[in-house]
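One structure is given here, and the rest of the page talks about it.
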Amino acid sequence: MTKRQRVGVRTAASDFTAPPQVDITQWVEVDEAALPPARQRQFLNRKRAIVLYLGGANEAQLLQETGLKRRNVYRIIVERCLQQQDDGTLLGWRGALPFLRIKPYTRETPPVISPWGGGAAGALQWIFSSPGGQDLEARFRRQILLKGPALATAKQPRQALFRWFIEELRKLGNEERGEWPFNVDRLGYVTINTFISKVLAQNPKRQLEILGGQNAVRKARAGDGVERPRLQAFGRVECDAHKLDARMVVMVPSPHGGTEPRKIHRLWVVVIMEVASRVVLGYHLSLRRECSAEDVLRAVKHALSPWTPRDLQFSDNAYVDKAGFASYRSPRFLGACWDEFSVDGALVNICSRVEQPMHDVVGARVLKPQDTTTFASRRSLDDRPFIESFFRRLADGGFHRLSPTTGSSPKDARRHDPDAAAQATQFQLEYAAELLDTLIANYNATPHSGLGYRSPLDQLEWILAQGDTHVRVADPGAVRRMVGVRKLCTLLGGVATGRRPHFNFANARYSAE
């Protein structure tokens with residue numbers, strides 16, 4: 001190549017005479033005020049130089065205004081600002097930040113370790129780029145992302161992966177040749193651990209499963225609630241069951257006179273909450289070991305029926321001012337129906353015995369797991385956040401304060417032999433029913449921080465006053481018949497047997513005079 005030909009050759013980095021065609025208005029901005037003063041001044045100087053350069057300023061103008069030469073400004077634009085990030089976006093103004101590394105460090109010579117341990121920068125990268133190293137890197141990545149429980153928690157030492165990698169390097173002969181990591185302290189544990197973290201960060205879904213477990217996976221799938229739809233009043237209700245953390249007794253009349261206490265080990269409360277206003281529309285206290293479809297229907301029936309304050313045995317002023325349910329606040333809320341019934345995947349919530357009355361009486365659609373992936377994942381506190389928050393409030397503000405409480409866990413400090421406490425205090429089921437009714441009624445009339453410090457009942461009235469929302473009302477006769485049980489029984493006894501006519505129902509014998 002002649003000298004004239006060599007002069008005519010220009011590389012991308014040296015062809016700075018013609019400004020590149022870029023649109024700086026589309027570049028990602030930088031928060032200049034967050035930079036330290038020295039870096040801020042340098043960044044603003046580079047930014048002004050880029051604007052002048054793209055505007056056609058000559059060498060003398062750039063030197064006078066910014067002190068930068070055209071070739072340097074061109075390199076900042078081409079080699080930094082126009083480079084792509086890992087997500088495919090341009091660096092933009094971020095490329096003008098001083099001391100920002102654009103390209104990762106690449107080792108070009110074999111590592112030579114000094115007596116003090118220096119010179120090992122990029123050693124792991126060098127191993128992966130050497131013959132046979134690419135296969136080792138691929139196998140190591142698969143080992144890190146293995147489906148088994150390789151990493152139980154983020155804080156657990158990653159000894160198993162580290163030992164696997166060291167053994168593979170021994171098989172390649174690195175230890176016999178005295179090469180890295182066998183010629184440094186701790187066998188390069190920090191570097192290998194950093195690579196493990198990098199691989200996990202590049203695979204966020206698997207990282208979530210490995211480090212956070214299934215609970216973190218369900219939480220990420222449920223989302224944070226930012227994009228939840230804005231619903232009108234009675235557009236959707238959330239329904240769930242909560243086990244009360246307390247022991248109770250039932251005073252059973254004795255055939256020998258007096259009563260005998262019988263302990264109840266499980267108490268469930270099924271609650272229906274209106275999403276837009278957070279009003280608890282109805283509930284049902286169940287004594288079963290597990291909730292049934294009948295319990296869900298009784299909660300629905302309670303939400304559609306009129307409510308009146310109870311004659312309390314433990315206090316004369318337990319209800320706060322304006323406490324109650326929607327049907328007690330205004331007659332137009334009596335029997336108010338909703339459009340969607342949000343439940344988890346439990347069979348008692350989505351069976352035909354619940355779905356059919358929900359359609360025929362309420363006119364609502366049951367949100368099943370196959371209908372939505374946001375609100376129907378079972379055993380996740382984020383799928384129905386409003387009712388789960390209410391359950392925490394119900395426990396902390398009520399039943400956890402009782403002497404027979406079981407606490408939230410076996411290690412809870414509030415738990416102190418709840419069975420003996422229930423037996424000694426004779427804390428009866430009727431007291432629990434009264435306490436539950438007052439807690440929920442008072443909640444509906446208590447200012448809520450998530451509602452602009454309106455109470456749920458006030459919020460419900462305010463929402464309906466803002467628009468022309470039509471409140472559908474269920475047929476009172478259909479509501480009364482909701483939980484009716486019908487069974488065809490055979491009449492036994494009679495003249496031929498000499499026994500009084502009777503029939504058996506629910507493990508009991510019924511007859512008449």
Side-chain angles (χ1 to χ4, degrees), residues 215 219 222 224-225 228 231 233 236-248 266-286 291 295-296 299 302-303 307 309-310 312 314-315 317-326 328-329 342-344 375 379-409 412-415 418 427 431-463:
N215 186 37
K219 188 178 182 68
D224 57 0
R228 286 182 180 269
L231 300 171
R236 173 180 292 155
V237 299
E238 293 180 353
C239 178
D240 205 353
H242 175 69
K243 186 170 71 69
L244 298 180
D245 302 322
R247 294 284 190 263
M248 310 289 170
R266 281 205 172 188
L267 282 174
W268 294 88
V269 57
V270 183
V271 175
I272 298 176
M273 173 178 283
E274 202 276 323
V275 172
S277 62
R278 317 289 202 274
V279 169
V280 176
L281 300 177
Y283 72 95
H284 173 64
L285 185 62
S286 173
C291 288
D295 297 326
V296 178
H302 184 269
W307 176 89
R310 291 170 175 252
L312 303 177
F314 67 91
S315 176
N317 55 356
Y319 292 107
V320 300
D321 186 32
K322 298 182 180 181
F325 286 73
Y328 186 71
R329 172 63 68 92
S342 178
V343 293
D344 60 18
F375 302 98
R379 296 188 181 92
S380 176
L381 301 182
D382 299 281
D383 298 328
R384 290 166 306 283
F386 307 120
I387 198 168
E388 294 293 350
S389 175
F390 168 75
F391 285 151
R392 288 193 295 270
R393 181 170 182 169
L394 185 66
D396 295 337
F399 288 90
H400 281 177
R401 298 185 176 185
L402 303 177
S403 57
T405 180
T406 60
S408 57
S409 68
D412 198 323
R414 293 167 293 193
R415 177 189 180 102
F427 195 93
Y431 303 158
E434 293 180 358
L435 177 61
L436 183 63
D437 192 78
T438 55
L439 288 174
I440 297 178
N442 292 344
Y443 163 81
N444 284 338
T446 303
H448 197 297
S449 60
L451 302 174
Y453 287 95
R454 294 190 186 97
S455 70
L457 287 173
D458 292 339
Q459 179 72 5
L460 180 62
E461 291 186 328
W462 183 83
I463 292 175

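With Asn444 contributing its side chain and Val279 its backbone, the two residues share no donor-acceptor pair below 3.5 Å. In this structure, the side chain of Asp437 does not engage the main chain of Ala432 through any donor-acceptor pair within 3.5 Å. Using modelled atom types, one side-chain atom of Glu238 and one backbone atom of Ile387 make a donor-acceptor pair closer than 3.5 Å. For Asp295 (side chain) and Val270 (main-chain N/O), no donor-acceptor pair under 3.5 Å exists by modelled atom type.
Pairing each heavy atom of Phe390 with each of Met273, the nearest pair is CB-CE, 3.5 Å. The minimum heavy-atom distance linking Trp268 with Lys243 is given by the pair CE3-N, 3.6 Å. When all heavy atoms of Tyr328 and Gly324 are compared, the closest pair comes out as CD2-CA, 4.4 Å. Residue Asp321 comes nearest to Ala445 through the heavy atom pair O-CB, 3.8 Å, listed as atom of the first residue, atom of the second, then distance.
Counting non-hydrogen atoms of neighbouring residues, nucleotides and ligands closer than 6.0 angstrom, the OH atom of Tyr431 reaches no more than 12 such neighbours.
In this structure, the side chains of Val280 and Ile272 stay at 4.5 Å or more apart for every pair of heavy atoms. The shortest distance between side-chain heavy atoms of Phe325 and Leu457 does not fall below 4.5 Å. Counting only heavy atoms from C-beta outward, the side chains of Leu436 and Val269 approach each other to under 4.5 Å. Side-chain contact between His448 and Tyr443: present, with at least one pair of heavy atoms (C-beta onward) separated by less than 4.5 Å. Residues Thr438 and Val320 have side chains not in contact (no heavy-atom distance under 4.5 Å, counting atoms from C-beta outward). Side-chain contact check for Arg329 versus Asp458: some heavy-atom pair is nearer than 4.5 Å. Counting heavy atoms from C-beta on, the side chains of His302 and Trp307 come closer than 4.5 Å. Leu451 places a side-chain heavy atom less than 4.5 Å from the side chain of Arg278.
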Test Leu244 against Leu285 for side chain to side chain contact (heavy atoms under 4.5 Å, CB included), laying out the working first. CA-CA 10 Å; Leu244 298 180; Leu285 185 62; 3.8 Å; yes
Let's go through Thr446 and Ser455 carefully: what are the C-alpha distance in whole Å and the side-chain angles of both, what is the deciding distance for side chain to side chain contact (heavy atoms under 4.5 Å, CB included) to 0.1 Å, and is it a yes or a no? CA-CA 5 Å; Thr446 303; Ser455 70; 5.8 Å; no
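With rounding to the nearest 0.5 Å, the separation of CD in Glu274 from CD in Gln459 is 9.5 Å. One distance of note links OG of Ser277 with CZ of Phe386; it measures 10.5 Å at 0.5 Å rounding.
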